[in-house]
Every structure is written in C-alpha cells, then in structure tokens.
There are 2 protein chains.
Amino acid sequence: MTVSKTAEKSSEKPGDAAKGRKDATDGQPEALQLGELSEQLGYVLKRAQLKVFENFLRCMASLQLTPAQFSVLLLVEKNPGRNQTEIASTLGILRPNFVALLDNLESRDLCARIRSTNDRRSHILVLTDKGKAVLARAKKLVATKHEARLNELLGQANREALLGMLSKIANEF
Amino acid sequence: MTVSKTAEKSSEKPGDAAKGRKDATDGQPEALQLGELSEQLGYVLKRAQLKVFENFLRCMASLQLTPAQFSVLLLVEKNPGRNQTEIASTLGILRPNFVALLDNLESRDLCARIRSTNDRRSHILVLTDKGKAVLARAKKLVATKHEARLNELLGQANREALLGMLSKIANEF
DNA sequence: TATAATTGTTATGGACCATATCAAATATCG
DNA sequence: CGATATTTGATATGGTCCATAACAATTATA
C-alpha cells in the first residue's frame, strides 16, 4: 500500500514546525498527539483524579464540603473519641495542617474538640448533631449524584474492579 | 523482656472514647477503621495517585525529572514545532504557570524556545539534542523501574484495564 | 486604519504540603 | 520522688502548584 506519491515527506505531518501552519486560511488548529502520554499510568491517574474531585465538589456544592472535609467527617463518625493526631495521620494529613481544617469544621458546628480527661493534652473529636445530619445528607448526595454517575460510566463490576486495583496501588505500591 | 500478662484484655471497643483508652498500659494504639472511606473512589484514587507519583520521582531521581516535566518533554517530542499555548493547554497547564516550567527545562538545555517566523508572538518549542537523550533515558527508567513494578503488582491485563477505565473517567466524566 | 484578539510574561493571591518550634501535659527513668 | 524526654495541639514559615488580572508586542478583524 503506497500511501502518497508526491507529498510523502513534504511537510504537513501534524507537527511540522515553524514554517507552515496556516490555521487562518486552513481549518482547525489540528489537535496535538498525546502519544505515549496516554499510556503513562501516572498521567491518566492524575487527570482522572482531578475530574473525580471536580465532580465531587459540584455534587457537594450545596453542603460546601471538600473531599478532605468529607473524609474527616466520615472518619470521625466511624471512630468517635479519637484525637486529632490519630484522625489526621490516618488520612495522611500532617498535624499542623489539620488544625485549620478542624477550625473550619468546628466553626461551622460540624464537629467539636473535647479535652480528654485521660490525657489533657489531646483533643477528642466528635461530630455534633448538625455534623451528623450534614454528613448523612452528604452521603446521600455522594451516592446518588457522584458514585452513581461513575457506575453509569463504568458499570458496577468495573467500578469495583477499579476500586480494588487502586486500593492495591495505594496500599502495596 | 517480661511481658505483663495481667493487662491483656481491656474490653475496649476500638473507638470507645474519652473515658478509657489506656495505650500506656495496653498494647498497640488500635488502628482506626476506615469504614466507608475505603469505598470512596475519590479517596482511593487520590492516595493511589500520590503513591504512583512518589514512585515516579524515586525512579527519576537520577534525571531530576518531575511528572510534569516528563510529560512536557514527551509531548514536545511527539509534537515538535508547537507553541507554548498549545503544549500547555493540552497538558491542562495554564499559560502563566507554564513559563517557569519551561524556564527550568530551557535552563537545563533540555528544550528550546524559538521565535516563530509566521507569528512573531509565539515561541515554537523543540527538544535539544540533550533533551532527546535525557528523554530517551527517562523512558527507559520509567519502563523498567516504574511501569514494570505496576505490571508486577497488577498483572499486564489488569494494568491495561485500569488504564482504560481511568482514561474513560478522565475523558468522559 | 482603528479596534479586537492572541502570545508570552509578570505579578499576585489562594490552596495545599512540609518543617521547625513552642507550651502544656504526660511518660520515662535514674 | 524529680530530671529529662516525649507527645499533643498549635503557630510560624516557606515551598509548590493553581488561578486570575494585567501588560507589551504582535497579529487578526471590522
């Protein structure tokens, strides 16, 4: 299969260069070739993560919860009575950076710091009633708007397989 | 190494609370329950992404290339003769933030900005010889150290399935 | 030709992440 | 017991990445 006879090497491959791209006279700007980039797991992983977070924020707009805040509420609900260091470290948040995050949640009356009676250095974390209520609504939003859309896109089985592989990477890589 | 056998059992449920966790007398700090967090795709996705980037940086330590820098080199190699706006935007990098990134690569003589003769506003991007050589070595490192480890962890078929699903999310979500 | 749009760039502010340091409280050990 | 070390929450600070506004030079458009 001989492709073309005259214009074989004569320029106009998608990215030729400084002398001859005429978008003005021509048509579209000719999309770039991603090439090996689309095979790089790190690249695709990052882009997918950004999309998922973006969608998460949209779904949670009415509750004004970021992914990090949501994860804190979830973890405190599941582990009431733990202190800041424990909650922060299992989320991979450094203690200094956890302070402002908690200040925010506490100022919105979603969770509370309680001085521990055992160890008066530490602050025990608990959800307030409002925090529990907001979290319940957040869970519903995530399930119906966020995760549902992922299921729709990938299918239930694929979504679970994806979760399993990502967990493996997160834990064993 | 005398193991005290008296305080073996403490009858504490994992998250009991402010009245009675005695790590001092007891054993381990009792790991927290992730609960629904481990089912949140966004959470697992983010953690996996961090792990993958971290490993990428380790593999590239000898070449001092970040994921972003590597992606720029890959894209410029595949699309020589494009300007900054085109390269940056297909990578999701805003033009202002792309300047410093390019300054870095250019100062290391990995790529070059060339004033276009068509449009003297734009800078055409090309890899230098050194840039091509470094990128070739980088590709080898990524293939043998980075992606190989992922294949080892997931298996070839699963790795490809993972890539496919992430691409779907990145593009269609 | 006058006006609008584009390109690379600078300046700037916000969000997130990491380290050092501190006071208060507790643990450890002589 | 008491001196020292460690832990906890907190502050200060710096780095990186991300986003917006603005600008000069250049090009496109009305």
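Throughout, a chain's letter reflects where its sequence line sits, starting with A, and its residues are numbered from 1.
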Between protein and nucleotides 6-9 of chain D, what N or O pairs are separated by less than 3.5 Å?
| unit_1 | atom_1 | unit_2 | atom_2 | d |
| --- | --- | --- | --- | --- |
| D/dT7 | O4' | A/Arg121 | NH1 | 3.4 |
| D/dT7 | O2 | A/Arg121 | NH1 | 2.7 |
| D/dG9 | OP1 | A/Gln84 | N | 3.0 |
| D/dG9 | OP1 | A/His123 | N | 3.1 |
| D/dG9 | OP2 | A/Thr85 | N | 2.8 |
| D/dG9 | OP2 | A/Thr85 | OG1 | 2.3 |
| D/dG9 | O3' | A/His123 | ND1 | 3.2 |

Can you name the atoms? Protein N/O to nucleotides 19-23 of chain D N/O, anything below 3.5 Å, with the distance.
| unit_1 | atom_1 | unit_2 | atom_2 | d |
| --- | --- | --- | --- | --- |
| D/dA19 | N7 | B/Asn97 | OD1 | 3.3 |
| D/dA19 | N7 | B/Asn97 | ND2 | 3.0 |
| D/dA19 | N6 | B/Asn97 | OD1 | 3.1 |

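A donor-acceptor pair under 3.5 Å is formed between the side chain of B/Asn79 and the backbone N or O of B/Leu75. Between the A/Glu86 side chain and the A/Asn83 main chain, a donor and an acceptor come within less than 3.5 Å of each other.
Listed by chain and number, the residues in a salt bridge (Lys or Arg N to Asp or Glu O under 4.0 Å) with B/Glu39 amount to none (sequence neighbours excluded). In terms of the side chain to side chain donor-acceptor pair (under 3.5 Å) criterion, B/Arg95 has no residue partners (sequence neighbours excluded). Partners of B/Arg58 under the side chain to side chain contact (heavy atoms under 4.5 Å, CB included) rule, at least two apart in sequence or in another chain, are B/Glu54, B/Asn55, B/Arg149. Legend: residues meeting side chain to side chain contact (heavy atoms under 4.5 Å, CB included) with B/Ser167, ordered by chain and number and at least two apart, are A/Val44, B/Asn171. Taking the side chain to side chain contact (heavy atoms under 4.5 Å, CB included) definition, one finds that B/Glu152 meets it with nothing, sequence neighbours left out. Scored by the side chain to side chain contact (heavy atoms under 4.5 Å, CB included) test, A/Glu36 finds B/Leu74, B/Glu77, B/Lys139 as partners (sequence neighbours excluded).
For the pair B/Ile169 and A/Leu162, the minimum side-chain heavy-atom distance is below 4.5 Å. Residues B/Arg121 and B/Thr85 have side chains not in contact (no heavy-atom distance under 4.5 Å, counting atoms from C-beta outward).
Heavy-atom distances to DNA chain C give each of A/Arg120 and A/Ile93 a nearest nucleotide, and the one nearer the 5′ end belongs to A/Ile93.
Sorted by first and then second residue, the ring-ring contact (aromatic ring centres under 6.0 Å, His included) pairs with a member in residues 129-154 of chain A read A/Phe56-A/His146; sequence neighbours excluded. Residues in residues 59-73 of chain B take part in no salt bridge (charged side-chain N to carboxylate O under 4.0 Å, His left out) pair, two or more places apart or across chains.
Contacts of residues 42-63 of chain A with DNA chain D (heavy atom under 4.0 Å): A/Lys46. A heavy atom lying under 4.0 Å from DNA chain C marks none of the residues of residues 64-74 of chain A.
Taking atom CG of B/Leu91 as the reference point, atom C1' of D/dC18 lies 15 Å away to the nearest angstrom. Distance CG (B/Asp103) to C1' (C/dT9): 9 Å, rounded to an integer number of Å. Atom CG in A/Leu102 sits roughly 12 Å away from atom P in D/dT11 (whole-Å rounding).
At a threshold of 4.5 Å between side-chain heavy atoms, the hydrophobic network of Ile, Leu, Val, Met, Phe, Trp and Tyr places A/Leu125 and B/Leu34 in one connected group.
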